Structures are given as C-alpha cells and as structure tokens.
Asker: 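I have a structure I would like to understand better, so I am pasting it below and will then ask my questions one at a time.
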Amino acid sequence: MPSIMQIDLPDVLPDIPDSEDPCVRRLLANVGEWEGVLRAHLIAEAFGEPATLCVHFDPEEIDRPHLREVILTTGNRLCEQFGHETWTTPSISDSRKAETAAEKLRQVRGVIAAEVEPDRRVRIEYDRERIQKVELRGVLALMGIQVEQ
C-alpha cells in the first residue's frame, strides 16, 4: 500500500524565492526518478502556509527516513549549485531598457533566468559553478544598473 510524505518546500529549498522557481521542477523531476517513488508533486501555498512537497512512495522499496534524507540532500545540492538573487535598484524609467537589460543578463555565461523590472527589482537565477554573485553585481554595474546592498 502506497505511503505519502509531505515536507514544507522551504525546508527542502530554503533559498528559492517562490514555488514557481525552476529548482522546484528540478527537485520534482529528481525525486520522481527514485526507485520506490510513485509520484512527486507540489501542493500550492495557501492561507499563509508554504507550498508543500508531496511524495507518494512504496514503503516496501524505500523507507520513510531514507526518503526524507535523500529529499533534503537533493534540495541542499540544488541550493548549492543554483543561486537566487533579488536586488533593489533605482527605478528604471523605460520598460524597454529593463527588458533589454534582462535579455543581456540571460546571455551571460551561468545565468539561467533574469528579470529586470522597472519598479526597482532585479531577479537572477544562476549556476554557482559558472558565475558568482560578485560577478553578477559587476555585470549589472557595467550595464549601468546599480543595486542596493
């Protein structure tokens, strides 16, 4: 008979900004491939509660403590590899300039996703093995975008 394990998403991926982040898809895909796992999905956040990772598994093939350990280890590995930064900037008056900046950021080696919003926010997901936070700040500075500490 299948069993279910639920873990709050922030306990598994504490560095992600929200449940729409690509690391959630990476986590679900990874967990879903393990022997004994029948289904892995996300229960959306509601009423101020965080999103929850829900894993249906066969306890004959994988036991609960081992499954939890592997899930947390996988989340840790993802957080070590993929960085997520959100910076506040001075307002960018032209939305076209903001989109151009985002496009240029996405072309930088190691940048996976980038959003530059005219309302004072820059969000970047990056591969820490290919680029570091300080380098991203430098790229933004070269583009004329100053970020607050």
Side-chain angles (χ1 to χ4, degrees), residues 1-89 95 98-143 145 147-149:
M1 176 115 189
S3 292
I4 296 175
M5 174 180 287
Q6 294 183 349
I7 305 174
D8 287 346
L9 191 59
D11 292 342
V12 181
L13 296 171
D15 296 341
I16 65 162
D18 57 51
S19 61
E20 298 298 316
D21 189 89
C23 278
V24 175
R25 289 191 300 277
R26 291 181 192 106
L27 177 69
L28 291 171
N30 193 306
V31 171
E33 293 177 359
W34 297 332
E35 189 155 333
V37 172
L38 306 171
R39 179 175 179 226
H41 63 99
L42 202 61
I43 299 172
E45 54 192 68
F47 307 110
E49 295 296 318
T52 304
L53 173 65
C54 183
V55 180
H56 303 247
F57 66 100
D58 182 344
E60 299 289 322
E61 294 186 43
I62 187 167
D63 67 26
R64 185 175 295 274
H66 181 66
L67 177 61
R68 182 175 176 77
E69 177 185 329
V70 174
I71 289 169
L72 294 174
T73 300
T74 300
N76 187 47
R77 183 180 48 78
L78 288 169
C79 287
E80 286 175 1
Q81 181 177 357
F82 298 101
H84 301 84
E85 296 297 332
T86 300
W87 286 297
T88 302
T89 67
S95 63
E99 183 52 40
T100 299
E103 288 174 16
K104 286 181 181 179
L105 283 168
R106 288 189 213 81
Q107 294 172 5
V108 172
R109 181 186 62 83
V111 172
I112 298 163
E115 295 176 29
V116 178
E117 299 175 6
D119 68 348
R120 304 176 32 104
R121 188 169 57 166
V122 174
R123 289 178 58 172
I124 300 175
E125 178 186 19
Y126 61 100
D127 185 334
R128 294 180 203 262
E129 294 174 0
R130 302 185 76 197
I131 192 166
Q132 299 300 309
K133 178 180 176 178
V134 67
E135 294 171 293
L136 291 170
R137 291 178 68 91
V139 168
L140 289 166
L142 287 172
M143 294 170 61
I145 299 173
V147 296
E148 297 176 5
Q149 294 288 345

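Fair warning: this is a prediction, and the values are worked out from it, not measured in the lab.
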Asker: Working to the nearest 0.5 angstrom, can you tell me the gap between Glu125 CD and Asp15 CG?
Answerer: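 Rounded to the nearest 0.5 Å, the CD-CG separation comes out at 11.5 Å.
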
Asker: Can you give me the closest heavy-atom contact between Phe57 and Leu67, atom names plus distance?
Answerer: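 That would be CD2-CD2, 3.4 Å.
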
Asker: Looking at every heavy atom in both Glu45 and Ala51, which two are closest together, and how far apart are they?
Answerer: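 The pair with the smallest heavy-atom distance is CB-N, 3.5 Å.
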
Asker: Check whether any side-chain heavy atom of Arg128 lies under 4.5 Å from a side-chain heavy atom of Glu80, and answer yes or no.
Answerer: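 Side chain of Arg128 against side chain of Glu80, heavy atoms only: no contact under 4.5 Å found.
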
Asker: Begin from the C-alpha positions of Leu28 and Leu53 and carry the test side-chain contact (heavy atoms from CB on, under 4.5 Å) through to its verdict.
Answerer: CA-CA 8 Å; Leu28 291 171; Leu53 173 65; 3.4 Å; yes

Asker: Do Leu140 and Leu105 have side chains that approach each other closer than 4.5 Å (heavy atoms only, starting at C-beta)?
Answerer: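 Of all side-chain heavy-atom pairs linking Leu105 with Leu140, at least one is under 4.5 Å.
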
Asker: What pair of heavy atoms forms the shortest contact from Trp34 to Ile71, and how long is it?
Answerer: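 That would be CZ3-CG1, 3.6 Å.
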
Asker: Check whether any side-chain heavy atom of Val12 sits under 4.5 Å from a side-chain heavy atom of Leu72, and report yes or no.
Answerer: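 Yes, at least one pair of side-chain atoms sits under 4.5 Å.
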
Asker: Just how far is it from atom CD of Gln6 to atom CG of Leu42, taken to the nearest 0.5 Å?
Answerer: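 Rounded to the nearest 0.5 Å, the CD-CG separation comes out at 10.5 Å.
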
Asker: Once rounded to the nearest 0.5 Å, what's the spacing between atom CZ of Arg120 and atom CH2 of Trp87?
Answerer: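 With rounding to 0.5 Å, CZ (Arg120) is 15.5 Å from CH2 (Trp87).
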
Asker: With a cut-off of 6.0 Å (strictly less than), are more than 12 heavy atoms of other residues, nucleotides or ligands near CD of Glu60?
Answerer: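 No.
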
Asker: Using atom types as modelled and distance alone, determine if a side-chain donor or acceptor of Asp63 lies under 3.5 Å from a backbone N or O of His66.
Answerer: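 Confirmed, Asp63 side chain pairs with His66 backbone.
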
Asker: Provide the closest heavy-atom pair for Pro17 versus His84 in the form atom of the first, atom of the second, distance.
Answerer: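 Reported closest heavy-atom pair: CD-CD2, 3.8 Å.
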
Asker: Spell out, as yes or no, whether a donor-acceptor pair under 3.5 Å connects the side chain of Asp18 to the backbone of Asp21.
Answerer: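 Yes, the answer is positive, given that a donor and an acceptor are paired below the 3.5 Å cut-off.
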
Asker: On a heavy-atom basis, which atom in Val37 and which in Gly32 lie closest, and how many Å separate them?
Answerer: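 So the two residues come closest at CG1-CA, 4.1 Å.
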
Asker: Near Arg68 CZ, under 6.0 Å, is it more than 12 heavy atoms from other residues, nucleotides or ligands?
Answerer: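 No - once you tally the heavy atoms of other residues, nucleotides and ligands closer than 6.0 Å, there are 12 at most.
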
Asker: At what distance, to the nearest 0.5 angstrom, does OG1 of Thr89 lie from CG of Asp119?
Answerer: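 Thr89 atom OG1 to Asp119 atom CG measures 8.0 Å (nearest 0.5 Å).
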
Asker: What distance separates Leu78 CG from Ile16 CD1, expressed to the nearest 0.5 Å?
Answerer: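 The CD1 atom of Ile16 is 10.0 Å from CG of Leu78, to the nearest 0.5 Å.
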
Asker: Nearest heavy-atom pair of Cys23 and Leu13: which atoms, and what distance?
Answerer: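 Nearest heavy atoms, Cys23 then Leu13: O-CD1, 3.9 Å.
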
Asker: Any Lys/Arg nitrogen of Glu99 or Arg106 sitting under 4.0 Å from an Asp/Glu carboxylate oxygen of the other?
Answerer: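 A salt bridge is present here (some side-chain N lies under 4.0 Å from a carboxylate O).
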
Asker: Nearest 0.5 angstrom please: Ile131 CD1 to Arg109 CZ, how far?
Answerer: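 Separation between the atoms: 6.5 Å.
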
Asker: Between the main-chain N or O of Thr86 and the side-chain N or O of Arg121, is there a donor-acceptor pair closer than 3.5 Å?
Answerer: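 A pair under 3.5 Å: no.
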
Asker: Does Arg64 use its side chain to pair, donor to acceptor, with the backbone of Ile4 at less than 3.5 Å?
Answerer: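 Yes: the side chain of Arg64 pairs with the backbone of Ile4.
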
Asker: Strictly below 4.0 Å, N to O, side chains only: are Arg123 and Glu20 in salt-bridge contact?
Answerer: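 Salt bridge: no.
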
Asker: What residues, two or more places apart in sequence or in another chain, satisfy ring-ring contact (aromatic ring centres under 6.0 Å, His included) together with His41?
Answerer: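 His41: ring-ring contact (aromatic ring centres under 6.0 Å, His included) contacts with His56.
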
Asker: Using atom types as modelled and distance alone, determine if a side-chain donor or acceptor of Arg77 lies under 3.5 Å from a backbone N or O of Thr73.
Answerer: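 Pair absent, no side-chain N/O of Arg77 close to backbone of Thr73.
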
Asker: Below 4.5 Å, heavy atoms only, C-beta onward: do Glu135 and Val108 meet side chain to side chain?
Answerer: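 Side chain of Glu135 against side chain of Val108, heavy atoms only: no contact under 4.5 Å found.
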
